[in-house]
Amino acid sequence: MPTEPHPALVAHVDVNSAYASFERVFDPSLEGVPTVVLSNNDGCVVAASKEAKALGIPLGEPWFKLQPRAAMTGLQARSSNYELYGDMSRRVMEVLERFAPTLQYSIDEAFLLLGPRSAETDLAAFGREVKDTLRRLVGVPVCVGIARTFTLAKLANRTAKKLPVFDGVCVWDSTRPEWRDALLARLPVSEVWSIASRLERRLAAQGITTVAQLRAADPVAIRARFNVVVMRTVLELAGTPAITLEEERIGKEQLIFSRSFSEPVTSREGMRQVLSVYGQQAAARLVRHHQKAKLLTVFAGTSHFAAQRDFPNMLVPLAAPTSDPVVLAKAAGRILPLLHEGTRYARAGIMLTDLRPADGQCAFEPFRFRHEDEGIAELVDQVNRKLGGGSVGLGHGGLRPGPQWQMKRQKLSPRATTHWDELALVKAG
DNA sequence: TCTGGGGTCCTAGGACCC
DNA sequence: TCTGGGGTCCTAGGACCC
C-alpha cells in the first residue's frame with residue numbers, strides 16, 4: 001500500500017560559530033578553546049565559539065574591552081580571514097549539493113530543497129548523515145533543521161542548536177505537538193527569522209510577544225498593520241509556505257566597498273588618497289563580477305562616538321556604464337569639497353548601483369574614447385591577481401607598502417586553502 | 001585610543017504620462 | 001478653461017539578514 005507523502009520539505013543547514021569553526025580546521029590548538037574572530041581593524045567580535053559564548057562574550061563586543069581579560073580566561077582571538085572563510089564556504093556548499101538542490105543563503109548557511117518525501121523516509125537519519133558528512137569531509141560542525149517552510153526550518157535549526165537532546169538535528173513535525181506549542185509559547189517573537197527589535201516593539205504594542213501569539217495572529221490584519229513581510233512570516237509559522245528564495249542571482253544589484261581606518265583621516269589630501277584606492281578596489285570587483293555601474297555614491301563618516309560627528313555623502317551619476325578605475329576614482333573624489341579639514345573621519349566607502357552586465361550589448365551605448373576602455377581595469381586586475389594585490393595601481397593606488405590608515409589585522413591566520421605558501425604544515429614526530 | 005562590512009526587500013511619495 | 005483617475009518609474013528611507 002502506498003504511503004502518504006510528506007508535503008514538500010526544506011532542510012536548513014548552518015555551520016556552528018562558522019568563522020571560529022573555519023579557523024579551527026587548520027589550527028587544532030583552538031579545539032575546545034574559547035575563540036573569537038574580530039571584525040576588520042580587529043575592532044569587535046563578529047563570531048564566538050561555544051566556549052567563548054559560555055564566557056558571556058556577546059557578538060559586537062569591542063576587542064579592547066576583552067583583551068585585558070583574555071590571558072586569564074584563555075580566550076584566543078583571530079583577525080577575520082575572509083579569503084579562508086569564502087573557500088571553506090564553497091566546500092560546504094559543494095558537499096550539500098550531493099544531498100539535494102541547494103540554495104545558498106549566506107556564507108555559512110543554506111537551504112536544501114527536499115521536495116515531497118514518503119512518510120517512511122527517516123528524516124532524522126538524513127539530517128544526521130548531512131551533519132556527519134560535513135564533519136568528515138570539510139571538518140566543520142553543523143546543525144540541521146527540517147520543516148515544511150523556510151521559517152520553520154530556521155526555527156527547527158535553532159532548536160537543534162539550543163537543546164542538547166536533539167544532538168544537532170531537529171525534524172520539526174516529528175516533535176510532539178504539545179511540546180512544540182509549549183516551546184513556542186515561551187519563545188519571544190524576536191527568535192523568528194525577519195523579526196528584529198523594531199518589529200518586536202511594534203508587535204508588543206499589539207499584544208504579541210511570543211512566537212505562539214504571532215503564529216495565531218490573523219494574517220490579513222497583520223498585513224494591514226505591518227506589511228507583507230510580516231504577513232508571510234505569520235503564514236510560514238503556521239506551516240504555509242509563503243517565502244520564495246531565488247536561485248543564486250546572476251550578478252548583484254549593488255556593490256559596496258567600505259572600510260574603517262586603523263587611524264582617522266583628517267585632511268582632504270589624505271581622503272583623496274583613500275578614495276583613489278577605494279575607487280580602484282571597487283573597479284576590480286566590478287570586473288570580477290563582469291559588471292559595469294552607472295551610478296556611484298560616495299560617503300565618509302566620523303565615528304558615531306566622536307564629539308564632532310559628520311557623515312557627508314554624494315551621488316555621482318556616471319556618463320556611461322563603466323568599470324574604469326580612473327573614472328570611478330575621479331567620481332569618488334567629488335565628495336572632497338564637502339569634507340571639513342581637521343575633522344577625524346573614521347571610515348569612507350563607495351557604493352555602485354544601477355549595475356549592468358559588462359558584455360551586455362546596448363544599442364545606444366555612446367561612443368567612447370580609447371582611454372575609457374575597460375582595458376585598464378582588466379589589466380590592473382590581472383596583474384594584481386598574478387603578482388599579489390597592490391602590485392600595480394593608478395596614482396595613489398599604487399602605494400606599497402600600505403599607507404597609515406590601512407586596515408589592521410594583527411591576528412590573521414594563514415590562507416591555508418588558497419595560497420601555496422600558506423599551506424598548513426603537518427609534522428610527524 | 002580602540003565599536004564591521006556587505007547585502008536585500010518593501011513602502012511611500014513625487015514626477016510624469018495618457 | 002477646467003477637471004479626473006490610473007499607471008509607471010524613480011528615489012529615499014526603513015527594516016531586516018548574516
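A, B, ... follow the sequence lines: proteins, then strands. Residue 1 opens every chain.
A:R232 has no side-chain polar atom (N or O) that falls below the 4.0 Å cut-off from OP1 or OP2 of B:dC9. Within the 4.0 Å cut-off from OP1 or OP2 of C:dC18, at least one side-chain nitrogen or oxygen of A:K154 is found. Phosphate contact (OP1/OP2 of B:dG5, side-chain N/O of A:R347, threshold under 4.0 Å): present. Between A:R344 and B:dT1 there is no side-chain polar atom (N or O) within less than 4.0 angstrom of OP1 or OP2. Distances shown here put a side-chain N or O of A:S260 below 4.0 Å from the OP1 or OP2 atom of B:dG5.
We find the CZ-CD distance between A:R158 and A:E191 to be 3.5 Å, quoted to the nearest 0.5 Å.
In this pair, A:W193 does not lay its aromatic ring on the base of C:dC17; centres under 5.5 Å and planes under 30 degrees do not both hold.
Checking A:S413 against A:E23 by side-chain atom types alone, a donor-acceptor pair falls below 3.5 Å.
The A:F64 side chain lies nearest to B:dT3 when the options are B:dT3, B:dG6, C:dC18.
Taking the C1' atom of each, C:dG4 and B:dC16 are spaced 16 Å apart, rounded to whole Å.
Along DNA chain B, the nucleotide nearest to A:S303 and the one nearest to A:R223 differ in position, and the one closer to the 5' end is contacted by A:S303.
Nucleotide B:dC16 forms a pair with C:dG7, judged by Watson-Crick or G-U wobble geometry with both contacts under 3.5 Å.
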